[in-house]
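Read the structure below first, then the notes.
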Amino acid sequence: MIAPMAVEVGRPVRFTGYAEDYGVPIAAVQFSLDGGETWTDYDVSGSTGDRWVHWTFEYTPEVAGSYCLLVRSVNDRGEVSPEPDTASFTAFDPEEGLRG
C-alpha cells in the first residue's frame with residue numbers, strides 16, 4: 001500500500017515502486033484506475049529473476065475526485081500478483097479550494 005495523498009487537478013502525479021517474484025523474471029507491471037476492469041502494461045520483459053524491477057507510472061487527473069491506482073506484476077510464466085498494491089489519492093481543484 002502506498003500512503004494516500006492529495007494532488008492538484010491538471011498536474012501530473014508520479015508513482016514509483018519495485019516488483020520481484022522470488023527468482024522468477026517479471027515480464028510486465030500493470031496499472032489500473034478503474035478498479036481492475038482494464039489494465040495498462042509497462043513492459044519489463046528484459047528483466048532477470050535475480051533483480052528487482054523498478055517501475056514508474058505517471059497520471060494527470062483531469063477532474064476533482066477520489067482515485068485508486070492498482071498495481072500488479074506479471075511474471076514470465078504469465079502468473080499475476082495475487083493481490084495488487086493500491087495507491088489512493090484525491091485530486092482537488094485549487095481554485096475551488098480557494099473559493100470554498
Side-chain angles (χ1 to χ4, degrees):
M1 170 122 166
I2 300 168
M5 65 180 98
V7 300
E8 287 185 35
V9 168
R11 290 194 171 220
V13 58
R14 179 177 288 171
F15 301 91
T16 63
Y18 292 91
E20 66 94 22
D21 195 7
Y22 306 102
V24 180
I26 300 294
V29 177
Q30 298 180 326
F31 306 96
S32 177
L33 282 162
D34 61 7
E37 292 292 318
T38 60
W39 295 89
T40 300
D41 284 3
Y42 177 74
D43 182 26
V44 294
S45 57
S47 69
T48 63
D50 61 341
R51 295 189 197 163
W52 288 33
V53 173
H54 180 254
W55 57 263
T56 301
F57 180 81
E58 190 170 278
Y59 177 72
T60 303
E62 298 298 325
V63 296
S66 297
Y67 294 83
C68 182
L69 173 67
L70 301 177
V71 182
R72 69 183 187 185
S73 63
V74 180
N75 67 25
D76 70 351
R77 298 177 187 159
E79 299 165 333
V80 177
S81 301
E83 188 72 32
D85 282 334
T86 61
S88 297
F89 60 102
T90 301
F92 66 94
D93 185 333
E95 291 182 20
E96 291 293 321
L98 293 174
R99 286 188 235 149

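Just so it is clear, the model here is predicted, and its values are computed rather than measured. Just so it is clear, the values below take in all heavy atoms, side chains as well, and ignore hydrogens, waters and symmetry mates.
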Inset, instruction - Please work out whether the ring planes of Phe57 and Phe31 are parallel, tilted or perpendicular, with thresholds of 30° and 60°. - result: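 Because their plane-to-plane angle is under 30°, the rings of Phe57 and Phe31 count as parallel.
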
Legend entry - Phe89 side, atom CZ; Leu33 side, atom CG - distance, nearest 0.5 Å: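 Rounded to the nearest 0.5 Å, the CZ-CG separation comes to 5.5 Å.
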
Inset, instruction - Evaluate side-chain contact (heavy atoms from CB on, under 4.5 Å) for Trp52 paired with Ile26, printing each intermediate quantity in order. - result: CA-CA 9 Å; Trp52 288 33; Ile26 300 294; over 6 Å; no

Inset, instruction - List in chain and number order the residues that pass salt bridge (Lys or Arg N to Asp or Glu O under 4.0 Å) with Glu20, two or more places apart in sequence or in another chain; answer none if no residue qualifies. - result: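 Glu20 satisfies salt bridge (Lys or Arg N to Asp or Glu O under 4.0 Å) with no other residue.
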
State yes or no: do [X] and [Y] share one hydrophobic cluster built from I, L, V, M, F, W and Y residues joined by side-chain heavy-atom distances below 4.5 Å, directly or via other members?
X: Tyr42; Y: Leu69; answer: yes
X: Trp55; Y: Val13; answer: yes
X: Val7; Y: Val71; answer: yes
X: Val24; Y: Tyr18; answer: no
X: Val74; Y: Val53; answer: no

Legend entry - Where Thr86 and Cys68 come nearest, the two heavy atoms and their spacing: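 Here Thr86 and Cys68 meet closest at CB-SG, 4.1 Å.
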
Inset, instruction - Taking all heavy atoms of Thr16 and all of His54, pick out the closest pair and write down the distance. - result: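 Looking at all heavy atoms of both residues, the closest pair is CB-NE2, 3.9 Å.
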
Inset, instruction - Only counting residues at least two apart or in another chain, list the ones meeting ring-ring contact (aromatic ring centres under 6.0 Å, His included) with Tyr59. - result: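 Partners of Tyr59 by the ring-ring contact (aromatic ring centres under 6.0 Å, His included) criterion, ordered by chain and then number, come out as Tyr67.
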
Inset, instruction - May I ask you to test the Ser66-Thr90 pair for a side-chain heavy-atom distance under 4.5 Å? - result: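 Yes, side chains in contact.
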
Inset, instruction - Mark yes or no for whether Ser81, through its side chain, and Ser73, through its backbone, hold a donor-acceptor pair below 3.5 Å. - result: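 Confirmed, Ser81 side chain pairs with Ser73 backbone.
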
Inset, instruction - Can you run down the salt bridge (Lys or Arg N to Asp or Glu O under 4.0 Å) pairs that involve residues 58-74, sequence neighbours left out, and say none if there aren't any? - result: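 Matches after skipping sequence neighbours: Arg14-Glu58.
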
According to side-chain hydrogen bond (donor to acceptor under 3.5 Å, both in side chains), who are the partners of [X], at least two apart in sequence or on a separate chain?
X: Ser32; answer: Asp34
X: Asn75; answer: Asp21, Glu79
X: Asp41; answer: Gln30

